[in-house]
Every structure is written in C-alpha cells, then in structure tokens.
Amino acid sequence: MRWSAISDVFERIAQWSDKHSPQTLFARALIIIVVPMLLLQALSAWWFYSQRGDNVTNRLAILLVRDLRLLISLRSDFPDDEHRNWILRRSAQDLLLFVSFRKGIVRPFKEPEYFDIVAREVQGALNADLKRPFFLDNNIGGGQLLIEIQLSDGDVMEVLVPHVRLTFGSSFAYVVAQLGLALVLFGLAIWFMRRELVPIEHLGVAADALGKGRDVPDFAFSGGTREVRNAATAFHTMRIRLRRSIQQRTEMLAGVSHDLRTPLTRMKLSLALLPDSPETKELADDVADMQRMIEGYLAFARGEGDEEPVMTDLSEILEDVAAGVRRDNAGLDLGWKGDMAVELRPIAMKRCLTNIVSNALRYANHVKVEAVRGRTSIEVTVDDNGPGIPPERYEDVFRPFYRLDESRNADTGGVGLGLSIARDVARSHGGDVTLAASPFGGLRVIVRIPL
Ligand SMILES: Nc1ncnc2c1ncn2[C@@H]1O[C@H](COP(=O)(O)OP(=O)(O)OP(=O)(O)O)[C@@H](O)[C@H]1O
Ligand SMILES: [Mg+2]
C-alpha cells in the first residue's frame, strides 16, 4: 500500500516534468545529470561552511583567547616598562596581535544587532575562557576586530586582531574553483552525451523515413551503447523483412492477376462462340467483371512496383489529376495554400488522388479540391455535393471490392478497389485517407501526406 502510494507520487512528478521539461532527450539527460550535480555542489558548500566553517572559526577564536590570556599573565608577572614594551613588540610580531594599554575601565559590552559569525565565536570564547569584563567591536574596519579587556590593576588592554587570524582562506576562491570545475565537467558531460545520442537520432530519422516509405539512410551503429546498438540492429532486420514482405505481396498480386488473365481471355473467346441466351449473357457479364477487377489489381501492383520517392511539387500532380478527370458538365475547383514540395512517389500518389477525385465526380456535379500545407503534413481535401456516405459505412468502403451501390453497372463505376488503393498509397507514404461529411452536403475525403 505504502509503496504504491510512493510510486504514485513519483509517477505524478514524472508526468508533471514530462509536460514542463524540454522535449529533446539531450536536454533532459543533461538536466538529469546537471541538476543533481548542482544540488550536490550547493549542499556540500553549505555543509562545509556551516559545519566545518563554524568549527574552524570556533577553534581559531579559542586559540585567540588563549593567546590573550598568555599576554595578560605575562603582563601581570612582568609589570615593568621594559618587559611591557617587549611584550607589545613580540605580540605584534609573533602573534599578530596589536596590543596597547590605557588606564580606565572598559566600555560596557552591548550585544550589537548584527554580528558576524567570527565575532560571535570570539565573544563566546571570551565569555567562556577569559572571565574578565571585555568589550568587542567588529565594526572598526580595516579588516580588524577590536577587543578591550579589563585588567586587575585598573588598566585596560586594547587588542587589534586582524581577521586573518580568525578566518580560513577566501571563500571567493573556493566558489570560483567550484564553478570552474563545474563548467569543465559540464562541458565534458555535453560532449559525451552528444556522442551517445547521435545513434539514437539517426535511428529516429531512419524510422521516420521508413514510416513514410522513403529511402532509409544507412547509418553506422558501431558506436553507442549496447541498448542503442541492439535497437539499431533490430530496426535493420525489421526494415529488410518489411521490404521483402511488401515486395512479395506485390509480386504475388501481380503474378496471380497476370496468370488469371489468360484463362479469362480463353473463357471470353469460348463464350463468344456459344449461341446467345440469357445465361451466356450473364456469364459474359461476370467474366467482364472479373477482368476489370484483375486489371485493377494489376494496375495497382504495377504502380507500386519499384517507384522511388522523389521531391515533387504536389500542385503539379493535382493539376494533372484535374486535367485527367475534368468533364465539361461538372465543376471542379482546384486550389492550394503554401509550399507544395514534398517527397513522394508521384505515379502512386497520382493514382491515389485520381481515384478519389473521380469518385467525387462520379457521384456529384460540384467538386472542390484544396491542398493546405501544415506544420507536419500536407492535407488534400476533396469535397463534393453528391449523396455522401453514411458514417457507419466509412470504414467499409475502404475494403477491397466493397461498393455501396451493389449493381456493378458501368454508370456508377467500377469494382470497388479505388478507395482501398488510395488508402494503401497514402499509408505507404506514412499518411492516411479519412472520410467525413462535406459542408457541401456530400462526402469529404481527406488525404494526409506527412512532410
Ligand atoms: N464521393 C463519393 N460519394 C458517394 N459515395 C462514394 C464516393 N466515393 C466513394 N463512394 C462509395 O464508396 C464505394 C467504394 O468506392 P471505391 O472508389 O473504392 O470503388 P468504386 O468507385 O466503386 O470502384 P473503382 O474505384 O474501383 O472503379 C463506392 O462504390 C461508392 O458507393
Ligand atoms: Mg472509385
């Protein structure tokens, strides 16, 4: 129970960061490395300063107070002027403490509002170890601390303590060193990360190309991690198998269709020799139907064959299609927006669009074809004002040989392969053909071709 709650929280965090963090693997991997690194740096710096830093300052303050005690004892043991001067000289030289004496009493010590950590430690040490009235001022400038101590003979000992005696090193240098080191490591991380990610990028490009039925660039996958190499090898195998199966399918289709043509022709000849009767007429119609279907298959198989994708101006294909199907009595509007250059197999794509537009012209008298370039794809929309297709039939009409109008008469068309072929072509380009209701009352067919 508890574990599932925890993993739930993590899952939520992951989802949140999925939405709000950069989308490239490179940037994310960097964040995954850099954020913990920075946190670690900050934490260790904080720990160093707050724990060890305090400790060291505390020790230095205690040492200072011991020195002061030594000076006080020396002064009370050797009160004469000669010794006093000697003490002052030596303490300045050897202890870095600048001592002077005056008559009087020390100023009352008042806790200042702002106290730095050094002064606080010194104050603590003086309190604990000296047992004499003292005055402390950390605000005199010059990188010094002023301590006044009441001596027993009515003298006051004034000591100027340079900060060097009380602090360790410069924190600035520490920070600069840390930052410099972090930058160097960061640079190295970027470099190595790039190297690791190049094969993944190549794999992505290749998979994208394969999905769009384009030429798959050969990429070297000698470098990279084992996982990436495995994925690349798997992809490679998949690509070969896919290509082989497509080829096999097309070849088989072409072979079967071709071989069926010969007996069909023979049947037609035999039928022609038979005397006319309603039965032979029916048989002849069926044979003609079969022949049309087989021609359709063959045309499809041939078109798909070995055509390679090339950079093509889709508007030219659209013009071609329109010129091919336009009839005098029907209106066909053609328009496009944006750059129509896209990599595709022109003959196949022309077949796809011709099938769709000729369908529309067959069922309607007004047809509008419009191509729009989007961010990731070009969409060709074919609208007509014909009878349309009921939405529950949208998927059926893509099935081979499926026709809404069951009578295969010559007026209303062919064998029912047009839309299947159109969709097949679009999908082999990584796109699709979908149906919707047209604002003109008829059918809207949308062909999406990825860029
Ligand atoms: N624009 C359209 N308006 C109304 N119905 C349509 C339209 N386009 C297609 N259909 C219906 O979908 C069915 C399947 O179309 P498809 O293009 O696959 O075959 P087809 O046109 O009958 O024959 P083929 O295109 O192979 O000569 C058609 O028989 C028709 O009933
Ligand atoms: Mg058709």
Side-chain angles (χ1 to χ4, degrees), residues 250 253-254 256-258 260-261 264 285-304 317-318 320-327 329-335 347-371 379-429 431-448:
T250 338
L253 214 58
V256 169
S257 313
H258 187 267
L260 280 179
R261 260 209 312 205
L264 267 181
D285 281 352
D286 281 347
V287 169
D289 262 358
M290 278 178 82
Q291 203 163 23
R292 283 221 311 274
M293 290 181 205
I294 283 165
E295 294 300 335
Y297 257 152
L298 260 181
F300 171 53
R302 263 200 305 270
E304 277 295 271
I317 294 188
L318 286 170
D320 257 17
V321 170
V325 299
R326 215 171 234 140
R327 285 174 305 170
N329 54 351
L332 174 65
D333 293 340
L334 176 60
I347 299 175
M349 190 49 72
K350 188 179 165 193
R351 184 188 312 284
C352 163
L353 293 168
T354 304
N355 285 356
I356 291 165
V357 176
S358 65
N359 273 355
L361 278 172
R362 186 179 290 155
Y363 293 101
N365 53 33
H366 184 77
V367 177
K368 185 169 174 227
V369 180
E370 191 169 44
E379 274 191 3
V380 184
T381 311
V382 181
D383 279 310
D384 69 52
N385 63 350
I389 296 178
E392 65 273 12
R393 290 273 98 89
Y394 280 174
E395 277 313 304
D396 294 338
V397 292
F398 285 108
R399 294 215 309 263
F401 302 117
Y402 187 94
R403 309 194 61 241
L404 287 187
D405 179 8
E406 280 306 327
S407 72
R408 281 204 178 110
N409 66 47
D411 302 344
T412 60
V415 292
L417 269 180
L419 283 177
S420 335
I421 291 173
R423 178 171 259 182
D424 203 87
V425 170
R427 286 188 171 169
S428 76
H429 283 82
D432 204 354
V433 178
T434 46
L435 302 182
S438 165
F440 299 155
L443 186 68
R444 163 173 281 186
V445 186
I446 303 152
V447 184
R448 193 174 55 80

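Here, residue 1 is the first one in the sequence, and each next residue gets the next number. Order of appearance sets the numbers: ligands from 1, and atoms from 1 within every ligand.
- Under 4.0 angstrom from ligand 1, the non-hydrogen atoms of D384 all belong to its side chain.
- Not close to ligand 1: G386, with no non-hydrogen atom less than 4.0 angstrom away.
- Residues R399 and D396 have side chains in contact (heavy-atom distance under 4.5 Å, counting atoms from C-beta outward).
- Distances shorter than 4.0 angstrom do not occur between any heavy atom of G442 and any atom of ligand 1.
- Looking at every heavy atom in both residues, V425 comes nearest to A348 through CG1-O, 3.5 Å.
- Counting only non-hydrogen atoms, the option in G418, P390, S420 that gets closest to atom 24 (P) of ligand 1 is G418.
- In this structure a side-chain-to-backbone donor-acceptor pair under 3.5 Å is present from D384 to L443.
- Remark: distances from the non-hydrogen atoms of R362 to ligand 1 include one below 4.0 Å.
- Using 4.0 Å as the threshold, Y402 has a heavy atom nearer than that to some atom of ligand 1.
- Only the side chain of I389 comes within 4.0 Å of ligand 1, counting heavy atoms alone; its backbone N, CA, C and O stay farther away.
- Close approach of ligand 1 to A360 is summarised as follows: ligand atoms under 4.0 Å from at least one heavy atom of the residue are 1 (N).
- To the nearest 0.5 Å, atom CZ of residue R448 and atom CG of residue D432 are 6.5 Å apart.
- A donor-acceptor pair is defined here as one N or O able to donate and one able to accept, closer than 3.5 Å; such a pair exists between the side chain of N355 and the backbone of G418.
- Within the 2.8 Å limit, N359 places at least one N, O or S atom next to the Mg ion (ligand 2).
- Residue nearest to atom 31 (O) of ligand 1, selected from L404, I356, L435, V382: L404 (by heavy-atom distance).
- Within the 4.5 Å cutoff, no side-chain heavy atoms of R423 are placed close to those of L419.
- Geometrically, ligand 1 and L443 share no nitrogen or oxygen pair separated by less than 3.5 Å.
- The heavy-atom pair separating A364 from G386 by the smallest distance is CB-N, 3.3 Å.
- Distance alone, capped at 3.5 Å, is enough to place a donor-acceptor pair between the N385 side chain and the H366 backbone.
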